Amino acid sequence: MSAIVKFEHVSKDYQKKTIIEDFDLEIEEGSFLVIIGSSGSGKTTIMKMINGLVLPSKGNVYVQGKDVLSQDLIALRRSIGYAIQGNVLFPHLTIKENIAYVLNLLKKDQKEIDEVVLKSLRLLNLPEDVLHRYPSQLSGGQNQRVNIARALSNQPRILLMDEPFGALDAIVKYQLQRDLKKMHQELKNTIVFITHDIHEALKLATHILVMDQGKIQQYATVKEIVEKPANAFVAQLLNMACKEIV
Amino acid sequence: MLQELIQVFIEQFDFFIHAFFTHIKISFISVYFASVLGIGLGLWISKHKKYAQGVISAVSLLYTIPSIALLGFLISISGIGNTTAIIALTLYGLLPMVRSTYTGLLEVDPALIEAARGMGSDEKQILKNVKIPLAFPFIFSAFRNMTTMTIALAGIASFVGAGGLGVAIYRGITTNNVMMIYIGSILVAALAILTDGCLQLLETYFITYRKKGLAFIRYSFRFAWIVVVLVLFPYEYHSNVIKIAGKPTTEGYILAELVSITIEEHTDLKVKLTHGIGGGTGNIHPAMVKGDFDIYSDYTGTIWQVVLKEEEPYNERRFYELNTKYLMEYGLMFKGLYGFNNTYGLAVHKEIADRYQLKTYSDLAKFSNQLIFGAEYDFYQREDGFNALKDAYHFQFKKVVDLDNGLKYQAMANKQIDVMTIFTTDGMLTSSDVVVLEDDLMFYPSYLAGSVIRQATLEEYPQLEDVLLLLENRISDQEMAQMNYEVEVLNKKPSEVAYAFLKEKGLLKK
């Protein structure tokens with residue numbers, strides 16, 4: 001399988017501090033990659049380099065074979081889904097307008113927008129009557145579903161998600177994880193998903209990238225990681241998960 | 001009192017309605033400019049943050065300048081009239097708009113901006129789709145406050161010869177007409193409350209239909225230039241119009257009416273009369289030099305001292321010298337002195353005058369040790385006041401009291417004082433049992449009133465010369481005092497009083 005995203009010798013300095021150093025990564029098309037690591041490990045920085053919100057200080061990032069630095073960043077971002085944590089729906093726009101945000105930026109015609117919006121409602125198990133409501137009138141779980149629907153509206157081949165279920169309670173989180181997994185199996189898109197919850201990682205991922213202090217600890221399929229942790233850090237992380245289950 | 005209020009309002013309905021609409025015009029235009037400029041500036045500093053503190057400090061500083069000082073300063077740049085008022089009000093309105101726009105934009109949740117950027121909005125789209133809509137409620141409530149403030153503040157516009165309800169209030173103050181002050185103030189308050197109510201409705205509407213609110217802002221910006229063109233450029237420019245200014249005193253109102261009625265009667269010219277210019281000579285003179293006004297009435301002694309800055313005392317033997325200098329230096333001249341002299345004077349109770357056979361100050365000096373002298377506090381402090389007068393005539397009063405200007409006539413009627421200072425055309429002289437004495441040593445400078453006209457105006461409309469000379473030597477001290485009395489005490493309109501006077505003198509063509 002070919003790599004849809006490729007990092008080559010990427011470093012990132014920020015205010016004279018090196019956050020990422022000589023980083024290499026290939027993400028296979030169609031994989032569900034979960035990046036896990038403690039805060040400050042550089043996982044968000046890596047994600048933001050994929051849609052050009054952060055640009056590398058050294059090295060190159062290739063998305064679908066093209067160097068990010070040589071691309072029109074606005075067009076690149078519109079082609080990549082982006083869902084981040086928190087209350088990030090626009091409070092002044094209706095649910096429909098939120099979902100269609102990128103489509104409106106691209107000035108798609110209204111008929112196409114209506115179709116896409118209805119399709120994504122079904123995909124994310126949202127009732128149709130939310131369309132003309134405002135985010136404040138919906139529950140936290142519904143808001144996160146809309147957040148994902150919004151990220152998917154332009155049918156992106158890559159979907160970036162930064163701890164999207166961070167603030168939700170356990171039951172809602174469980175349902176959303178299940179639906180997201182199902183959706184990924186249906187759409188076969190590439191998802192890059194950040195979390196610091198190892199359970200979430202094990203449940204969702206096809207591949208896991210374990211980060212610590214700007215360095216890769218292990219990058220492998222879920223099976224490999226569970227069977228052969230590369231080092232003590234990874235082993236401890238998995239251990240934690242097992243203990244909690246017991 | 002309410003009845004009287006309503007009566008005055010109905011009698012002068014046209015005047016008040018015109019003032020009301022001018023007030024709306026001045027304040028709304030200012031609100032518009034302050035909003036467009038303030039929001040624009042706020043947007044700009046939110047993008048160029050290093051200038052933010054500087055800009056906010058600068059508009060705050062503008063806000064702290066007392067309005068009278070700002071207006072006085074602006075007169076020297078933009079002259080007399082609505083434009084100056086609009087500029088001043090716009091400057092005052094800037095602070096709330098700049099600050100609310102800036103903080104409103106700054107307080108938008110960074111996560112929302114990040115989300116918008118991550119989904120491929122460029123900076124302009126982030127501003128338009130996210131930042132401005134979210135800052136909108138904040139900006140709108142500042143807009144509401146600013147509008148109320150501007151409507152209230154527009155009352156001072158009359159100080160620079162602009163229209164509006166301030167004209168009514170100011171006229172009330174200068175001509176001692178309390179009803180005028182009440183009605184003007186009530187109308188200002190009513191306008192402010194009404195406007196705020198409408199804006200509140202609009203706010204509710206815009207919160208429900210946010211897109212319409214934003215479209216409203218967008219159109220406001222788009223049409224800004226048209227408003228600028230409409231408001232500032234063809235600003236009331238007419239030919240064949242003589243612009244007359246009036247000083248902010250009862251006498252000033254009456255004289256301006258006398259001159260303008262006379263001109264309208266005897267020529268085909270139109271007259272635009274601006275009453276009650278705040279600051280009097282100090283502000284009217286520069287406007288005359290600039291050509292904002294063509295004619296106004298002033299006093300020889302005032303021109304000598306305030307405009308020509310001469311230090312020696314003025315007397316009428318120097319009139320030729322005065323008028324020549326006035327013309328050479330400023331292109332202005334007196335054309336027709338009305339005859340009366342509005343100077344300081346001394347008056348005694350009629351009984352005292354009869355008892356001691358008093359006619360002149362020298363007569364008074366002989367008996368001064370038996371009399372009580374009263375004057376306002378001010379008079380004892382001034383260099384050319386009490387001490388100078390005492391030395392000139394060797395007065396030795398039995399007792400000297402100081403009392404408020406408005407109470408002097410009352411005190412004399414009650415015989416608490418025997419001699420007092422007056423202005424020789426005080427309206428109160430007419431109704432009181434007092435006799436004005438003659439300044440036989442010519443201690444006080446002369447203040448003969450007359451029409452001042454620009455040389456350029458006279459060249460353009462030479463027919464004005466004969467018309468202005470119609471008023472020459474027509475008004476005596478007593479007649480002027482009588483007219484002041486009718487306005488101040490009988491609360492007649494200055495225009496009525498002036499008209500009646502001209503009619504009586506046969507100066508109207510029927």
Side-chain angles (χ1 to χ4, degrees), chain A residues 44 47-54 71-94 97-107 132 134-136 143-144 146-154 156 158-164 166-167 192, chain B residues 39 42-43 46-47 49-50 100-143 202-220:
Chain A
T44 300
M47 173 178 277
K48 285 185 178 174
M49 281 200 242
I50 298 172
N51 67 355
L53 281 175
V54 172
Q71 293 201 41
D72 172 4
L73 290 177
I74 299 293
L76 175 74
R77 286 175 199 154
R78 287 175 187 176
S79 73
I80 295 178
Y82 189 60
I84 56 175
Q85 63 180 326
N87 297 319
V88 289
L89 296 184
F90 300 123
H92 60 293
L93 300 180
T94 62
E97 289 164 333
N98 264 289
I99 295 176
Y101 187 82
V102 177
L103 302 177
N104 280 324
L105 288 182
L106 292 165
K107 298 196 164 62
H132 298 289
Y134 287 89
S136 59
N143 268 307
Q144 282 317 314
V146 175
N147 191 13
I148 297 167
R150 182 171 73 172
L152 288 170
S153 67
N154 195 28
I158 304 172
L159 173 59
L160 307 178
M161 306 179 89
D162 191 349
E163 296 195 45
V192 179
Chain B
I39 295 174
L43 289 173
S46 70
K47 213 170 152 191
K49 292 223 168 52
K50 59 177 169 177
S100 67
T101 308
Y102 180 67
T103 29
L105 292 175
L106 211 64
E107 279 177 11
V108 173
D109 186 352
L112 290 174
I113 296 168
E114 160 103 29
R117 185 173 291 126
M119 286 189 287
S121 322
D122 57 34
E123 293 306 313
K124 213 175 127 190
Q125 287 163 334
I126 291 176
L127 192 67
K128 207 179 88 185
N129 299 338
V130 182
K131 286 187 180 175
I132 294 179
L134 290 175
F136 181 73
F138 208 69
I139 298 172
F140 198 86
S141 82
F143 171 75
L202 202 65
E203 193 171 5
T204 323
Y205 177 78
F206 280 161
I207 283 168
T208 325
Y209 303 96
R210 221 175 259 261
K211 282 197 201 82
K212 293 197 172 133
L214 296 172
F216 177 74
I217 293 190
R218 206 160 47 241
Y219 284 117
S220 304

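Worth saying up front: this structure is predicted, and the values here are computed from it rather than measured. Lettering follows sequence order; numbering is per chain, from 1. Hydrogens, waters and symmetry mates play no part in the numbers below; they use all other heavy atoms, side chains included.
In plain terms, the two heavy atoms of B/Gly118 and A/Tyr82 that are nearest each other are CA-CD2, 3.5 Å.
Heavy-atom distances place the backbone of A/Asn87, and not its side chain, under 4.5 Å from chain B. Only the side chain of A/Ile84 comes within less than 4.5 Å of a heavy atom of chain B; its backbone N, CA, C and O stay farther away. Proximity to chain B is absent for every atom of A/Leu93, based on heavy atoms less than 4.5 angstrom apart.
Under the 4.5 Å side-chain criterion, counting only non-hydrogen atoms from C-beta, A/Pro91 is in contact with B/Leu112. Here the side chains of B/Asn129 and A/Phe90 are not in contact, with every heavy-atom distance at 4.5 Å or above. Between A/Val88 and B/Glu114 there is no side-chain heavy-atom pair separated by less than 4.5 Å.
By number of non-hydrogen pairs under 4.5 angstrom with chain A, the leading residue of B/Gly120, B/Pro133, B/Ala116 is B/Gly120.
When A/Ile74, A/Asn51, A/Leu53 are each tested for a side chain to side chain contact (heavy atoms under 4.5 Å, CB included) with B/Arg117, only one passes: A/Leu53.
To the nearest 0.5 Å, atoms CZ (A/Arg78) and CE (B/Met119) are separated by 11.0 Å.
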